[in-house]
Peer 1: 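Got a structure here, written out as structure tokens. Questions coming.
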Amino acid sequence: MRLLLLACLRAQTGNATTAARIQNHLHAAGHICVLKDAFMYESPTEIANLASTDKFDAALAIHLYKGGRLLQGSRIPFGIIFGGTDVNEDIKCEEKHRVMGAVLGEARFAVAFTVKMKELAAAEWPDARKKIYVQAQGIKTTPSETFDWYRFLQNADIPTDTGSLHMFLLICGLRRVKDPLYLVDVFSDWHRRDPSVHLGIIGPAVDPLFTSEVKEKVKRAPGVHLLQEMPQDDLHAAMKRCFAVVNSSISEGMSAAILEAMDLDIPVLARNILGNAAIIKHKETGLLFSDPQEFVVLSESLMNDPIMEREIVTRAKDYVKKHHSWESERKAYQNLVLRLQ
């Protein structure tokens, strides 16, 4: 089959990573799968024209609103993959809610990353319950062998001679929903007390206006660094050298960065929100914090208790192997697209 896959394809964002994985799964089954950036199109008419000129047999969209709205009234069959903010946030806006309901009504199937996400959607659109499948994100990490950690630290103006460096990495697209500034003040105060701790924020400038706000704030925050974006395999290698990976989002579908950290044997500290609590069991597979002060308390307890750290990391790695297998995800999407024939 010749398939169109619509998603927000800004480099290094969660949706773009998911899109690339799904494309890979479908290519492996012998389909042709063409990725298109949902932000490049305004209306369903443009996609309908694209579908007929490029002779697509079917389509997939990631995010019920951003991708799905472009498939409303589509002449070719399509399936939807929930993004996270569609079910968690966009649902609160009446106009978006109406569009998403219509799109879901037309879709042959929809995929939710978690049971919780399926339940949220099914509560809003009960008629769609039977067509919503739960398939967790599959994770595969590929740390680069040639990554230069010392150059990375030098570029970020982080002292490289400290044997005691504790590097925390916050990986996110720079936009408000990811709330990268949530921990900055508290982290800076902590750094003044303990110069071994550093927080690196890394990710694409998704919202340019907000990005300049982040830059301004970070400039005045000792111990906090805004890092240059880097390719996925270098990022995985950097994660491996860090003390912990951090997530401070206000809302999250299913954070691939958290799952990748677990796969790379790195502890995760995440804000206690629905999407994060769905994949982290507090003090078992990671640590969940409800405010910036608790983040520091939990981080210090992790630094002072290597046995707890080891246990968390081991259980988290087992969890990812069991529940986020890349092979299971591959089989699931290869079977689901058969519903589009």
Side-chain angles (χ1 to χ4, degrees), residues 1 3-27 31-42 44 46-47 50-51 56 58-72 74 76-91 96 99-104 106-114 117-118 120-121 125 128 131-140 172-173 175 177-178 203-204 206 232 249 251-257 259-260 275 324 326 329-330 332-337 339-340:
M1 267 193 296
L3 298 157
L4 167 66
L5 174 48
L6 284 167
C8 309
L9 297 181
R10 292 192 176 104
Q12 309 297 321
T13 56
N15 282 349
T17 316
T18 302
R21 274 201 326 276
I22 292 171
Q23 180 187 44
N24 185 301
H25 297 330
L26 299 178
H27 280 172
H31 302 292
I32 293 166
C33 179
V34 180
L35 292 185
K36 294 282 184 188
D37 192 341
F39 282 117
M40 305 298 285
Y41 302 93
E42 288 292 313
E46 289 176 77
I47 293 299
L50 176 74
F56 285 111
L60 287 167
I62 299 178
H63 202 284
L64 188 50
Y65 184 73
K66 291 178 191 161
R69 69 186 176 87
L70 297 168
L71 292 171
Q72 209 180 338
S74 164
I76 56 172
F78 67 87
I80 292 290
I81 295 120
F82 296 146
T85 50
D86 42 10
V87 181
N88 291 328
E89 301 296 318
D90 294 340
I91 223 162
K96 289 181 179 178
V99 171
M100 294 194 295
V103 171
L104 196 50
E106 291 176 38
R108 293 269 179 100
F109 64 82
V111 177
F113 293 146
T114 61
M117 209 189 279
K118 170 176 176 159
L120 282 172
W125 302 289
K131 63 165 81 163
I132 304 173
Y133 296 83
V134 177
Q135 173 55 51
Q137 292 204 61
I139 290 297
K140 196 185 216 178
C172 68
R175 53 192 177 122
V177 75
K178 299 294 180 184
V206 179
Q232 187 81 353
S249 298
S251 171
E252 197 63 80
M254 178 177 280
S255 162
L259 295 169
E260 288 165 353
H324 296 276
W326 189 80
E329 183 187 54
R330 168 163 285 206
Y333 281 104
Q334 291 176 347
N335 287 330
L336 280 169
V337 294
R339 293 170 181 273
L340 301 176

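Remember, predicted model here, so these are calculated numbers, not experimental data.
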Peer 1: Just so I know, are the side chains of Val134 and Met117 near enough to count as touching, which here means a heavy-atom distance under 4.5 Å?
Peer 2: no
Peer 1: Compare every heavy atom of Gly67 with every heavy atom of Ala61, then report the nearest pair and how far apart it is.
Peer 2: CB-C, 3.6 Å
Peer 1: Does the side chain of Leu26 reach to within under 4.5 Å of the side chain of Leu3, using non-hydrogen atoms?
Peer 2: yes
Peer 1: With a 4.5 Å cut-off on side-chain heavy atoms, are Phe82 and Leu120 touching?
Peer 2: no
Peer 1: Take Thr85 and Tyr65 through the test side chain to side chain contact (heavy atoms under 4.5 Å, CB included) and record every step on the way to the result.
Peer 2: CA-CA 9 Å; Thr85 50; Tyr65 184 73; over 6 Å; no
Peer 1: Can you check whether Ile132's main-chain N or O pairs, donor with acceptor, with Lys118's side chain at less than 3.5 Å?
Peer 2: yes
Peer 1: Check Glu42 against Glu46 and note the closest heavy-atom contact, atom names and distance.
Peer 2: N-OE2, 2.6 Å
Peer 1: Is there a donor-acceptor pair closer than 3.5 Å between any side-chain N or O of Asp86 and the backbone N or O of Gly84?
Peer 2: yes
Peer 1: Quiz question: by atom type and distance under 3.5 Å, do the side chains of Thr18 and Gln137 form a donor-acceptor pair?
Peer 2: yes
Peer 1: Where does the angle between the aromatic ring planes of Tyr133 and Phe109 fall among parallel (under 30°), tilted (30 to 60°) and perpendicular (over 60°)?
Peer 2: perpendicular
Peer 1: Where is the tightest heavy-atom contact between Leu340 and Gly79, given as atom of each residue plus distance?
Peer 2: CD2-N, 3.8 Å
Peer 1: If the test is side chain to side chain donor-acceptor pair (under 3.5 Å), which one of His25, Gln135, Gln334 qualifies with Glu329?
Peer 2: His25
Peer 1: Would you check, one step at a time, whether the test side chain to side chain contact (heavy atoms under 4.5 Å, CB included) holds for Val206 with Lys178?
Peer 2: CA-CA 11 Å; Val206 179; Lys178 299 294 180 184; over 6 Å; no
Peer 1: So Gln72 and Val99, side chain to side chain contact (heavy atoms under 4.5 Å, CB included) or not? Walk me through it.
Peer 2: CA-CA 8 Å; Gln72 209 180 338; Val99 171; 3.7 Å; yes
Peer 1: Search all heavy atoms of Tyr41 against all heavy atoms of Lys36 and return the closest pair with its distance.
Peer 2: OH-CD, 3.4 Å
Peer 1: Do any N or O atoms from the side chain of Arg108 and from the backbone of Arg339 form a donor-acceptor pair under 3.5 angstrom?
Peer 2: yes
Peer 1: Heavy atoms, side chains only, cut-off 4.5 Å: are Ile91 and Leu64 in contact?
Peer 2: no
Peer 1: Do the side chains of Arg21 and Tyr333 get nearer than 4.5 Å, heavy atoms only?
Peer 2: no
Peer 1: How many angstroms lie between CD1 in Ile76 and CG in Leu71, if you round to the nearest 0.5 Å?
Peer 2: 7.0 Å
Peer 1: Sub-3.5 Å donor-acceptor pair from the side chain of His324 to the main-chain atoms of Ala136, do we have one?
Peer 2: no
Peer 1: Check whether any side-chain heavy atom of Gln232 sits under 4.5 Å from a side-chain heavy atom of Thr17, and report yes or no.
Peer 2: yes
Peer 1: Leu70 and side chain to side chain contact (heavy atoms under 4.5 Å, CB included): which single residue from Leu50, Leu4, Ile47, Val103 fits?
Peer 2: Ile47
Peer 1: Work out which heavy atom in Ile80 is nearest to a heavy atom in Ala107; give both atom names and the distance.
Peer 2: CG1-CB, 3.9 Å
Peer 1: Looking only at heavy atoms, which two atoms of Ala121 and Val87 are closest? And how far apart?
Peer 2: N-CG1, 4.0 Å
Peer 1: May I ask you to decide if Ala38's main-chain N or O and Lys66's side chain share a donor-acceptor pair within less than 3.5 Å?
Peer 2: no
Peer 1: Find the distance between CG (Leu5) and CG (Leu60) and round it off to the nearest 0.5 Å.
Peer 2: 5.5 Å
